[in-house]
Amino acid sequence: MNHLNYPTPDTFTRAKSAELFETAKTYFPGGVHSPVRAFKSVQGPPVFFERGEGCHLFDVDGQAYVDFCCSWGPLILGHVHPEVVERVQKTVANGMSFVAPTPHDNLIGKLVLDNHRYIEMIRFVSSGTEAVMSALRLARGVTGKSKVIKFEGCYHGHVDSLLVKAGSGLVTFGISTSAGIPESFAAETIVVPLGDEEALASALQQYAGEVACVIIEPIPANNGLLIQQQEFLQYLRKVTRDHGVLLIFDEVISGFRVGFEGAAGLYGIQPDIITFGKIIGGGMPVGAYAASREIMEQVAPVGPVYQAGTLSANPVAMAAGFATLTELLKPGIYQELEAKTTRFTARLQAYCDQKGYDMSFPQAGSIFWPTFTRETIRKSSDIDDAGMRLFKVMHLECLKRGVYFGPSGYEVGFISSAHTENDLDFAASQIEASLDVVFGK
Ligand SMILES: *Cc1c(COP(=O)(O)O)cnc(C)c1O
């Protein structure tokens with residue numbers, strides 16, 4: 001089985017990673033270009049990777065890992081999928097950017113719109129954050145209103161007015177969670193708890209006539225996996241429609257992940273605007289926002305809502321996205337991903353049950369969240385920080401055994417089409433051994 005050079009607790013080393021990290025810290029704030037990468041919530045220096053293939057990562061110290069981070073989700077086909085690589089290589093050889101339309105635009109446009117019943121037109125941008133930022137501007141442009149309602153525990157990228165948390169009380173103005181955000185920006189955002197119909201209704205009533213949109217991750221997966229009840233999402237749709245407020249589904253993580261039509265398709269709910277990112281770029285920097293023709297025709301140059309981008313829909317990124325989405329349209333792929341993930345989480349759950357470990361593995365399609373409780377968690381205030389200390393131990397023990405999780409207990413795991421039953425069996429047995437250490441058995 002161990003034909004790949006997986007580490008063991010006796011052989012594991014981060015010598016080269018540690019050295020590179022020391023140098024990186026002299027160049028970049030915290031040594032990184034995105035904060036979670038610095039491993040602040042787990043132990044030791046970040047692992048520096050040299051290569052990925054299928055579901056495996058290979059670090060600079062020559063060790064292999066089964067990857068459950070998958071670039072935070074984009075790599076639903078695993079690393080260097082042959083069709084994706086081939087299409088990207090062919091495309092890149094013909095030029096990387098023309099700041100002009102290319103035939104690729106139409107290819108990916110047709111592919112997405114022909115296979116997604118909840119959108120009629122789409123605009124490509126270069127990140128999930130940019131997609132959300134543009135969707136908010138569009139919602140404000142369409143409604144002429146300025147306030148936004150968001151849910152505590154949903155992440156929407158680093159958009160100024162959405163980097164906020166709730167104050168005390170059920171319906172509150174956002175309190176900025178980052179320096180550099182003017183209070184007046186944060187005050188445009190109203191924060192309510194997830195799953196709370198009453199709080200949502202009272203926010204809409206209290207700010208009637210001022211709210212442009214409600215934004216939600218329909219499958220919140222950036223702060224644990226806080227699976228919502230379908231009735232709540234249906235209520236959200238109804239109550240926003242009743243108030244003439246637009247509903248934005250931020251499907252940057254759930255889009256093309258829980259099915260080609262994402263959470264909209266899964267729950268059968270028609271939002272007004274959907275944002276995409278991650279999978280839609282197949283590993284390249286891509287985001288997109290999409291809606292009905294009527295709403296999208298408010299965007300420049302047709303409509304008055306300005307939005308632009310030098311590298312938007314550049315052919316190389318579109319090639320990666322197109323190749324990835326083409327694979328995802330093959331019959332059975334989502335069923336297989338989900339079945340694999342269910343078998344994997346069921347095995348881990350059975351082990352924890354047998355050993356009496358207080359853990360559960362909530363799952364949505366091929367997303368799962370190892371969490372140190374047996375309670376069903378649907379809102380962020382129900383997450384117990386004590387579990388994060390246990391995650392810290394689990395993360396290190398898993399690393400030492402060749403299993404790579406994203407470096408925070410608030411992050412979810414992803415399974416790709418490249419994870420084989422063998423890989424998952426190997427990973428599960430290593431996770432089980434790690435949990436024995438965590439729980440001191
Ligand atoms: C990842 C993510 C974003 C931000 O996307 P970036 O490409 O990192 O800017 C926004 N919303 C959701 C739901 C996400 O998962």
Side-chain angles (χ1 to χ4, degrees), residues 32-38 68-76 122-139 148-165 174 177-178 189 191 194 213-228 233 236 247-259 261-264 266-267 271 273-290 307 309 311-314 317-318 320-321 324 364-369 380 406-408 410-414:
V32 292
H33 305 278
S34 198
V36 181
R37 294 182 199 177
F68 288 111
C69 181
C70 297
S71 188
W72 297 136
L75 302 180
I76 192 167
I122 188 163
R123 166 67 62 83
F124 283 94
V125 294
S126 299
S127 72
T129 297
E130 206 186 336
V132 170
M133 195 180 81
S134 309
L136 290 190
R137 186 179 305 139
L138 178 56
V148 171
I149 296 177
K150 90 173 275 284
F151 294 92
E152 180 81 349
C154 286
Y155 176 70
H156 302 291
H158 65 97
V159 178
D160 277 328
S161 62
L162 296 182
L163 276 187
V164 296
K165 62 173 191 216
T177 53
S178 164
T189 309
V191 188
L194 274 166
C213 60
V214 178
I215 185 167
I216 189 169
E217 279 183 84
I219 302 176
N222 280 285
N223 190 36
L225 183 59
L226 309 174
I227 298 169
Q228 298 301 293
L233 295 170
L236 170 62
L247 174 60
I248 304 178
F249 269 12
D250 180 358
E251 297 228 46
V252 170
I253 227 168
S254 55
F256 309 102
R257 167 59 68 176
V258 297
E261 294 178 316
L266 183 70
Y267 294 115
I273 304 175
I274 306 182
T275 54
F276 300 106
K278 301 197 167 101
I279 290 175
I280 203 170
M284 297 289 281
V286 179
Y289 59 109
Q307 185 270 308
L311 293 177
S312 290
N314 77 82
M318 293 300 97
T324 299
S366 49
I367 309 175
F368 67 98
W369 182 40
S380 53
S408 159
Y410 291 97
E411 304 287 354
V412 295
F414 298 94

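Counting begins at 1 with the first residue of the sequence. Note that ligands are numbered from 1 as they come in the structure, with each ligand's atoms numbered from 1 the same way. Values below: every heavy atom of this structure, side chains too, minus hydrogens, waters and symmetry copies.
- Looking at W369 and I367, their side chains never come closer than 4.5 Å, going by heavy atoms from C-beta outward.
- For the residue pair Q307 / R137, no side-chain donor-acceptor distance below 3.5 Å is found, with atom types taken as modelled.
- For E261, the salt bridge (Lys or Arg N to Asp or Glu O under 4.0 Å) partners are R117, not counting sequence neighbours.
- Nearest heavy atoms, F276 versus F256: CD2-CE1, 3.5 Å.
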Step-by-step side-chain contact (heavy atoms from CB on, under 4.5 Å) determination, T189 to L162: CA-CA 7 Å; T189 309; L162 296 182; 4.2 Å; yes
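- Taking a heavy-atom cut-off of under 4.0 Å, ligand 1 is surrounded by S127, G128, T129, Y155, H156, G157, E217, N222, D250, V252, I253, K278.
- Contact of the V214 side chain with the F151 side chain is registered, since non-hydrogen atoms from C-beta on lie closer than 4.5 Å.
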